[in-house]
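What you see below is based on every heavy atom in this structure, not just the backbone, and it leaves out hydrogens, waters and symmetry mates. When a ligand or atom number is given, it counts from 1 through the structure's own listing order. All of these numbers come straight from a predicted model, not from anything done at the bench. For reference, positions follow the sequence shown, starting with 1.
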Amino acid sequence: MNTPVYDFIENYIKSRTVRLHVPGHKGNENPYDITEIEGADVLYHEDGILGESQRNASLIFGTAKTVYSAEGSSLGIRGMLALIKMYAEKNGRRPIVAAGRNAHKVFMTASALLGIDVKWIYPENAESVVSAEITPEKLRKFLKSSEEKPTAVYITSPDYIGNTADIGGISAVCREEGVLLAVDNAHGAYLKFLSEDRHPITLGADMCCDSAHKTLPVLTGGGYLHISKNAPDGLSDNAERAMSLFASTSPSYLILSSLDRANKTLCEGYGDKIMETAERISAIKKRLSENGYVLTGNEPLKITLCTKEYGYKGTDFAGILRKNGIEIEFSDPDFVVMMITPENGEKDLEYLEKVLLSVPKKAIIDEKMPGVFPCEQALSIREALFKPSEKIHVNEAQGRILASPSVSCPPAIPVAICAERLTENAVKCFKYYGIYEIDVITE
Ligand SMILES: Cc1ncc(COP(=O)(O)O)c(C=O)c1O
């Protein structure tokens, strides 16, 4: 597979052209950092090398269209929601999205900005805000009992702790009910390259976003918006238009050329490397279980430990690993999440296993998250986002209306939803996750 973007930049560097264009470092910071000069094409108005490179990616992922994001899945989520809104307009429907409650905060803010009404699908017996199990049966019930049929269903799969949803079953329900299926696949670009392809587009989603940078050898910020060959008319044709509503007009060519080079890498046996790594991880998980660890999630490139069962809060356990020179992806009171790719290599894996097996098991910590329940929605999310707000200590928050998601990344999953009037339980939840300062509407 060719690499038209990378090759163009290489030739430009070799040509020693005088750079009287942005960026201001003129190549001194990094010669590969160019902008949309003549011949470099224009992202979302492609008629040259970017178009060719995106078509390469589309071939690899088996899509009707794949467009690049130089702003991660955050931009991809905004693009998907804009497409959902366009689709609703075209069909004379009010834009409504039924979404799993564990959606990334960009989903909430972008829905509000686009005037999309969100109907949350709450998990039963959730033990964390990070997960919201949605089965095909549960979704069917939800859709059948909805007063107004949503335009789309929005699922986060894999979730942050490595659970993948039954996208095949869920997509069948969506087709039965005549609603679109959009998947936040930020953590799952690599699922395409397993021996059994588990990518959401293969399994029936109409569209999904992937953070290529999270699991493939791509620079931070590199992502894809994929549209399925089975998606209704109009989605592919409007993909660029939807992305350009939100995207920077100065996309990073370091990121774009990294995505371009990844196409070649992915075609040259990278899938085998992913499979080998997945097998290694599976063997490590088995030994960890045999040694008293409790694990969760079914994602092959993640190791998620339920650390309380081993006697530690996740955040404390992450501290132990840090002291041993291991920095993990995410921890909260319940979990420690480690993300591994073939780039880690055998040495990293051997060392990780050695350190994990050297941590002594202690008495189980029996403390549970207070639970994720809907609070009364006092306003629309959109109204809440723009009202005057103030920062207060969470101890004073009961009865106040939440103004902004008040969570950082990772995992960027809202503990309560903007515009909700916070209950005693919501306050307990914020504290459980170590969030003590929150934004509420000034009343
Ligand atoms: C589930 C999920 N969706 C979306 C995002 C946003 O992705 P990005 O950082 O690529 O913009 C993240 C980031 O952590 C995420 O975990």
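- Closest to atom 12 (C) of ligand 1 by heavy atom, among Arg78, His104, His187, is His104.
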> Does the pair Tyr432 and Val129 meet the rule for a side-chain contact (heavy atoms from CB on, under 4.5 Å), with working shown?
Replying inline: CA-CA 11 Å; Tyr432 183 81; Val129 288; over 6 Å; no
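- Shown here are the ring-ring contact (aromatic ring centres under 6.0 Å, His included) partners of Tyr68, two or more places apart in sequence or in another chain: there are none.
- Residue Ser211 places at least one N or O, backbone or side chain, under 3.5 Å from an N or O of ligand 1.
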>> If you apply the rule ring pair (Phe, Tyr, Trp, His ring centres under 6.0 Å), what do you find for Phe330 with Tyr160, and how did you get there?
In response: CA-CA 8 Å; Phe330 167 65; Tyr160 225 109; 5.1 Å; yes
>> If you apply the rule salt bridge (charged side-chain N to carboxylate O under 4.0 Å, His left out), what do you find for Arg280 with Glu276, and how did you get there?
In response: CA-CA 6 Å; Arg280 270 298 274 125; Glu276 277 163 30; over 6 Å; no
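- Distance check, rounded to the nearest 0.5 Å: OG1 of Thr265 to CZ of Arg261 gives 7.0 Å.
- A salt bridge (charged side-chain N to carboxylate O under 4.0 Å, His left out) check over residues 151-164, counting only residues at least two apart or in different chains, returns nothing.
- Residue His213 has at least one heavy-atom neighbour below 4.0 Å for each of these atoms of ligand 1: 8 (P), 9 (O), 10 (O).
- Atoms of ligand 1 found under 4.0 Å from any heavy atom of Tyr160, numbered from 1 in the order shown, are 14 (O), 16 (O).
- The ligand atoms of ligand 1 that sit less than 4.0 angstrom from a heavy atom of Gly72 are 10 (O), 11 (O).
- When heavy-atom distances to ligand 1 are checked against a 4.0 Å cut-off, Ser74 comes that close through both its backbone and its side chain.
- Contacts between Ile77 and ligand 1 below 4.0 angstrom, taking non-hydrogen atoms only, involve the side chain exclusively.
- Scanning Glu329, Lys105, Lys214 for the heavy atom closest to atom 13 (C) of ligand 1 points to Lys214.
- Contact atoms of ligand 1 toward Thr156: 1 (C) (distance under 4.0 Å to a heavy atom of the residue).
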> side-chain hydrogen bond (donor to acceptor under 3.5 Å, both in side chains) between Asp210 and His199: does it pass, once the steps are laid out?
Replying inline: CA-CA 10 Å; Asp210 303 353; His199 193 268; 2.9 Å; yes
